[in-house]
Asks: 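The following block contains the structure, expressed as structure tokens.
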Protein chains: 2
Amino acid sequence: MITIGQLANYAGVTIKAVRHYHERGLLAEPPRDASGYRRYSAAHAVDLIKIKTLAEAGVPLARIKELLAADPDRFAAAVAEIDRNLQERAAELQRTRERIARLGAGDRLFVSPEVADFLDRLRGIGVSERGVRMERDMWILLQSVSPEQAADWIADKREAIGDPGFQALYVEYDAAFDWSPDDPRLSELADRARRWLAGRGTRSGPAPDPTVIRLVATATGVSPAWDRLAEIARR
Amino acid sequence: MITIGQLANYAGVTIKAVRHYHERGLLAEPPRDASGYRRYSAAHAVDLIKIKTLAEAGVPLARIKELLAADPDRFAAAVAEIDRNLQERAAELQRTRERIARLGAGDRLFVSPEVADFLDRLRGIGVSERGVRMERDMWILLQSVSPEQAADWIADKREAIGDPGFQALYVEYDAAFDWSPDDPRLSELADRARRWLAGRGTRSGPAPDPTVIRLVATATGVSPAWDRLAEIARR
DNA sequence: CTTGACCCTGCCCCTGGGGCAGGGTTCGAG
DNA sequence: CTCGAACCCTGCCCCAGGGGCAGGGTCAAG
């Protein structure tokens, strides 16, 4: 007849946990000795080790209680299921590890692979880091507001970025960020953009979501030159 | 500028979790619009995805808060450590799986391998299931009261069980459980046991712990014949 | 007789949120 | 213009699985 401390020590749990299991009805309360101390038998030790083993496997205490009361067949079935669960958790852990590894490096964690690819291409043709970051932020917002629309747009953009004309336009837009709104090059740039769009023909695509329109509009307003470009384009 | 719902959806967390991260100071509170709604930017989305990724890896929120504030070097170091942690957890999971699998079958989970082995040998020489179970329970209690003493004793017993004389004695003791305390075979059995012990010579071993003595004494008292045997032995 | 190691109950604390109440807002459809 | 659905707000209590501490009793050895 052992004490709670010896029992806990043998099973490798804390005294507190043992009492917790009593409260939850997982482990039967043993008889008390003359001074009110709990006195345990080997049967309790066996039960406690079962409880601990299942608890370590992540089985909720309420479920453990059921299991201990179940017949051996159902117990075995439940154990098999718990094992499957454990296996799945191991796989999940592996996936988490991969994403953790990518946390530090690059933007690929924050946008879809297509967008990440597009951003890489922008860098490749000489767009400034600031420009790439703004573009990335735009896509993040776009993807959260309307993922399908974002998918459509990125497909379109990825196609366009292969065109040297578009590349040149993009780089110049990027540079124009810092220009004065009175810069004479602006109207010429707007004109070239209009002609490129026209030469590409009308792209039907789905009707743009008004929320998206508003979003893109909100996102501007940081560069006077870009505002001016937008104004010219509206005419 | 997106709403809390869009942000949560994009990052794959619940709205509740986002607000929770605000409360904990993990994610900066964004500006509110005219009606008091939170309005998020892409920077928040980036932060939130970092938080979620780390949280999924089991990093405590308080630690995540520190990490986000740390410089990239320390961040990278921490990420490496988290990864090591994850790897260890995967291994731990594997070990848990093995123990879970053994939950249903056999006693090996509840006693040391040496004792489990000894119990198997008892079964092998014909000791009853009840006898083996009593022996097992005795060892469980013994191991929880005094692991070193148990280790000494089991080494001794494992050696003795190789002796055919001891085997015969053990089997007869097992059978004697149900005998009447007046059975004439009892004194003859006690005599044989005494002679076997004498023939084996005095084993020194460490002084027996009084707690252990009391324990073994408590464990008896269920079989009148065994009590009688103990009484004969004391003379 | 004291000292340290145990044991008892009862209470509040933690994490990482979930759920619900009881409101206000926004947006598209009828 | 109004209605309902779908959002959003704060505030509150709840869960598991215990940890920690208070305030007390007990036991064995020196």
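Chain letters run A, B, ... following the sequence lines, proteins first and then strands; every chain starts at 1.
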Asks: Please report the distance, rounded to the nearest Å, between NE2 in A:His20 and P in D:dG19.
Replies: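 After rounding, the reported distance stands at 9 Å.
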Asks: Pair A:Asn85, A:Val59 - check side-chain contact (heavy atoms from CB on, under 4.5 Å), show working.
Replies: CA-CA 10 Å; A:Asn85 208 306; A:Val59 181; over 6 Å; no
Asks: Of B:Val59 and B:Arg39, whose nearest nucleotide on DNA chain C comes first from the 5' end?
Replies: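 Closest to the 5' end, via its nearest nucleotide, is B:Val59.
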Asks: Which class fits the ring pair A:His22 and A:Tyr40: parallel under 30°, tilted 30 to 60°, perpendicular over 60°?
Replies: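 Parallel: the ring planes of A:His22 and A:Tyr40 meet at under 30°.
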Asks: Is the closest side-chain heavy-atom distance between B:Phe110 and B:Trp139 below 4.5 Å?
Replies: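 They are not in side-chain contact.
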Asks: Measure from NZ on B:Lys65 to P on C:dT15 and round the result to the nearest Å.
Replies: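 Rounding to the nearest Å, NZ of B:Lys65 and P of C:dT15 are 11 Å apart.
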Asks: What residues in residues 48-57 of chain A put a non-hydrogen atom under 4.0 Å from any atom of DNA chain C?
Replies: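 Contacting residues: none.
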Asks: Give a yes/no verdict on a cation-pi contact between A:Arg32 and A:Tyr37, requiring under 6.0 Å between NZ or CZ and the six-membered ring centre and an angle within 45° of the axis.
Replies: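 No, A:Arg32 and A:Tyr37 do not form such a contact.
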Asks: Does B:Arg19 have any side chain to side chain contact (heavy atoms under 4.5 Å, CB included) partners at least two apart in sequence or in another chain, and if so, which?
Replies: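 B:Ile4, B:Ile15, B:Arg38.
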Asks: Between C:dC6 atom P and A:Ile2 atom CD1, what is the distance in whole Å?
Replies: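 Computing the A:Ile2:CD1 to C:dC6:P distance gives 14 Å.
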Asks: Rounded to the nearest Å, what distance is computed from the NE2 atom of residue A:His22 to the C1' atom of nucleotide C:dC7?
Replies: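 Checked: the NE2 to C1' distance equals 13 Å.
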Asks: Please determine whether the number of non-hydrogen atoms from other residues, nucleotides or ligands lying under 6.0 Å from atom NZ of A:Lys65 exceeds 12.
Replies: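 Open: at most 12 neighbouring heavy atoms sit under 6.0 Å from NZ of A:Lys65.
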Asks: So, are A:Glu81 and A:Arg84 salt-bridged, with charged N and O less than 4.0 Å apart?
Replies: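 The answer is no: the pair does not qualify as a salt bridge.
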Asks: Atom OH of B:Tyr21 to atom P of C:dT15: distance rounded to whole Å?
Replies: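 Whole-Å distance recorded here is 13 Å.
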Asks: Counting only side-chain N and O atoms of A:Thr14, is one of them less than 4.0 Å from OP1 or OP2 of D:dG19?
Replies: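 So the side-chain polar atoms of A:Thr14 do come within 4.0 Å of the phosphate oxygens OP1 or OP2 of D:dG19, strictly under.
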Asks: Atom CG of A:Leu7 to atom P of C:dC7: distance rounded to whole Å?
Replies: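 For the pair A:Leu7 CG and C:dC7 P, the rounded distance is 10 Å.
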Asks: Distances for protein N/O vs nucleotides 7-14 of chain D N/O pairs under 3.5 angstrom?
Replies:
from: D:dC8; atom 1: OP1; to: B:Thr3; atom 2: OG1; distance (Å): 2.8
from: D:dC8; atom 1: OP1; to: B:Gly5; atom 2: N; distance (Å): 2.7
from: D:dC9; atom 1: OP1; to: B:Arg38; atom 2: N; distance (Å): 3.2
from: D:dC9; atom 1: OP1; to: B:Arg38; atom 2: NH1; distance (Å): 2.9
from: D:dC9; atom 1: OP2; to: B:Arg19; atom 2: NH1; distance (Å): 2.5
from: D:dT10; atom 1: OP1; to: B:Arg32; atom 2: NH1; distance (Å): 3.3
from: D:dT10; atom 1: OP1; to: B:Arg32; atom 2: NH2; distance (Å): 3.2
from: D:dT10; atom 1: OP2; to: B:Arg38; atom 2: NH1; distance (Å): 3.3
from: D:dT10; atom 1: OP2; to: B:Arg38; atom 2: NH2; distance (Å): 3.1

Asks: Is the backbone N or O of B:Thr3 less than 3.5 Å from a side-chain atom of B:Gln6, with the two atoms forming a donor-acceptor pair by type?
Replies: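 Checking the backbone N and O of B:Thr3 against the side chain of B:Gln6, a donor-acceptor pair under 3.5 Å is found.
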Asks: Counting only N and O atoms by type, is there a donor-acceptor contact under 3.5 Å from the side chain of B:Lys52 to the main-chain atoms of B:Ala11?
Replies: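 Yes.
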Asks: State which residues pass side chain to side chain donor-acceptor pair (under 3.5 Å) with B:Arg89; sequence neighbours excluded, sorted by chain then number.
Replies: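 Side chain to side chain donor-acceptor pair (under 3.5 Å) check on B:Arg89 returns nothing, list empty.
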Asks: Could you check if a side-chain atom of B:Arg39 sits within less than 4.5 angstrom of a side-chain atom of B:Pro30, using non-hydrogen atoms only?
Replies: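 No, too far: nothing below the 4.5 Å cut-off.
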Asks: Donor-acceptor check, side chain of B:Trp226 to backbone of B:Tyr173, threshold 3.5 angstrom: yes or no?
Replies: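 Side chain of B:Trp226 to backbone of B:Tyr173, a donor-acceptor pair under 3.5 Å: yes, one is there.
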Asks: Can you measure A:Arg24 atom CZ to D:dG17 atom C1' for me and round it to whole angstrom units?
Replies: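 Spelled out: CZ on A:Arg24 to C1' on D:dG17 is 7 Å.
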Asks: Under 4.0 Å, heavy atom to any atom of DNA chain C: which of residues 85-94 of chain B qualify?
Replies: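 Here the set is empty: none.
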Asks: Can you tell whether the side chains of B:Glu98 and B:Arg102 come within less than 4.0 Å, N to carboxylate O?
Replies: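 B:Arg102 and B:Glu98: not salt-bridged.
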Asks: Quick check on B:Arg130: does its CZ atom have over 12 non-hydrogen neighbours (other residues, nucleotides or ligands) under 6.0 Å away?
Replies: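 Atom CZ in B:Arg130 is crowded, with more than 12 foreign heavy atoms closer than 6.0 Å.
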Asks: Under 3.5 Å, which N/O atoms of the protein pair with N/O atoms of nucleotides 2-6 of chain D?
Replies:
none

